[in-house]
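As a basis for the values below, the full set of heavy atoms in this structure was taken, side chains included, without hydrogen atoms, waters or symmetry mates. Reminder, nothing fancy here: chain letters follow the sequence lines and each chain counts from 1.
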Number of protein chains: 2
Amino acid sequence: MENERYESAIRLLALLAHPARLRILDILRRGEACVCHLQAALEVPQPYVSQQLRVLREAGLISQRREGLFIYYRLADERVAHLLAEVLGPATVEAPIPHCACPRCQETHLSQSFCLVEVN
Amino acid sequence: MENERYESAIRLLALLAHPARLRILDILRRGEACVCHLQAALEVPQPYVSQQLRVLREAGLISQRREGLFIYYRLADERVAHLLAEVLGPATVEAPIPHCACPRCQETHLSQSFCLVEVN
DNA sequence: ATACTGTATGCAACTCATTGCATATAGCGA
DNA sequence: TCGCTATATGCAATGAGTTGCATACAGTAT
């Protein structure tokens, strides 16, 4: 079928055309993030985040990696980064997220503090 | 609001994530086309085509031009061509459309016949 | 005027994704 | 083993877009 090209494109576009999923992908294009991180950024219930992550995962757009209790997600489809750049512009620097408890965020907060100290 | 960027992107993506609209835009990126032309290509009722054209028009993605009874539509937003190239690949040559009655199609059919004659 | 053709509009019915929430699972530490 | 935290799943209710169809409008020609 020739119109498989259309169907495939539509599946991809429809996945991006969603507030929560678009924000998730926008965060992930800056690098890995755990669920609690995404939850803190979106300010929505955790099951809701997991639900959208499942949709994106089953579509092959993201992949996951477990590290203890935490599961880190990342982009798995390079088309996504291109599309995001097209519709959102280049990736922006991560805005500070109100209290995310994951170890990675703790590190970031620490290193940021250190940076400030060093510069001063 | 910062998330106006997201909303605007979502509106655009959602407009493309639709079988009829995506095909219409894919045809229009090859150049102008009248409604009867699109109708013949999609093989759907004419009111259905006009309806989707209205959606695209009100979103500013396409513009129109009247010529007698015929109304020719064309892309009006250059982001669309970029996005289509991203998700569909480069524009393909127009496949022959089963009997479209508009003058432009008649011309095309004629010139194609002439071409064949010349080559032979 | 009238008839005809190309295109647009309005609206109801239906479909399907979205969302909320209760609950289940997985790993870790005591 | 038990409790705790991070994450996942299932399912029902809601809601928004899609689709079909009857009809209206706009040019053109006779």
Those residues of residues 9-20 of chain B lying under 4.0 Å from DNA chain C by at least one heavy atom: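 Residues of residues 9-20 of chain B under 4.0 Å from DNA chain C: none.
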For Ala20(A) against Tyr48(A), the heavy-atom pair lying closest together: CB-CE2, 3.7 Å
Tyr73(B) vs dG6(C): side-chain N/O to OP1/OP2 distance below 4.0 Å: no
How many Å lie between [atom1] on [X] and [atom2] on [N], as a whole number?
| X | N | atom1 | atom2 | answer |
| --- | --- | --- | --- | --- |
| Gln51(B) | dT18(D) | CD | C1' | 9 Å |
| Leu69(B) | dA3(C) | CG | P | 17 Å |
| Leu38(B) | dG6(C) | CG | P | 14 Å |
| Ile24(A) | dT19(C) | CD1 | C1' | 14 Å |
| Glu43(A) | dT19(C) | CD | C1' | 17 Å |
| Glu58(B) | dG17(D) | CD | C1' | 14 Å |
| Ile71(B) | dC25(D) | CD1 | P | 15 Å |
| Gln52(B) | dT9(C) | CD | P | 13 Å |

Heavy atoms under 4.0 Å, any strand shown: does [X] hit a base, just sugar-phosphate, or nothing?
| X | value |
| --- | --- |
| Gln39(B) | nothing |
| Tyr72(A) | nothing |
| Pro45(A) | nothing |

Nucleotide of [options] approaching [X] most closely (side-chain heavy atoms):
| X | options | result |
| --- | --- | --- |
| Gln64(A) | dA8(D), dG6(C), dA8(C) | dA8(D) |
| Leu53(B) | dT7(D), dA8(D), dA8(C) | dA8(C) |
| Arg66(A) | dT9(C), dT7(D), dG27(C) | dG27(C) |
| Arg54(B) | dG20(D), dA26(C), dG10(C) | dG10(C) |
| Tyr48(B) | dT7(D), dG20(D), dA8(C) | dG20(D) |

Check ion pair Glu67(A)-Arg65(A) (N to O, under 4.0 angstrom):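 Looking at Arg65(A) together with Glu67(A), the answer is yes, because their closest N to O distance falls below 4.0 Å.
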Arg11(A)/Glu4(A) ion pair, N-O < 4.0 Å: yes
Test item: Leu16(A) and Arg21(A) side chains (from C-beta on) under 4.5 Å apart, heavy atoms: no
Note, Ile10(B) side chain near His18(A) side chain (heavy atom, < 4.5 Å):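 Contact flag for Ile10(B)/His18(A) side chains = no.
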Donor-acceptor under 3.5 Å (Arg57(A) side chain, Ile62(A) main chain): no
Side-chain (Arg74(A)) to main-chain (Ala76(A)) donor-acceptor, under 3.5 angstrom: no
Distance-only donor-acceptor test (3.5 Å): side chain Gln46(B), base dA8(C): yes
For Arg29(B), the option from Leu83(B), Val80(B), Leu88(B), Thr92(B) that meets side chain to side chain contact (heavy atoms under 4.5 Å, CB included):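 Single pass found, and it is Leu88(B).
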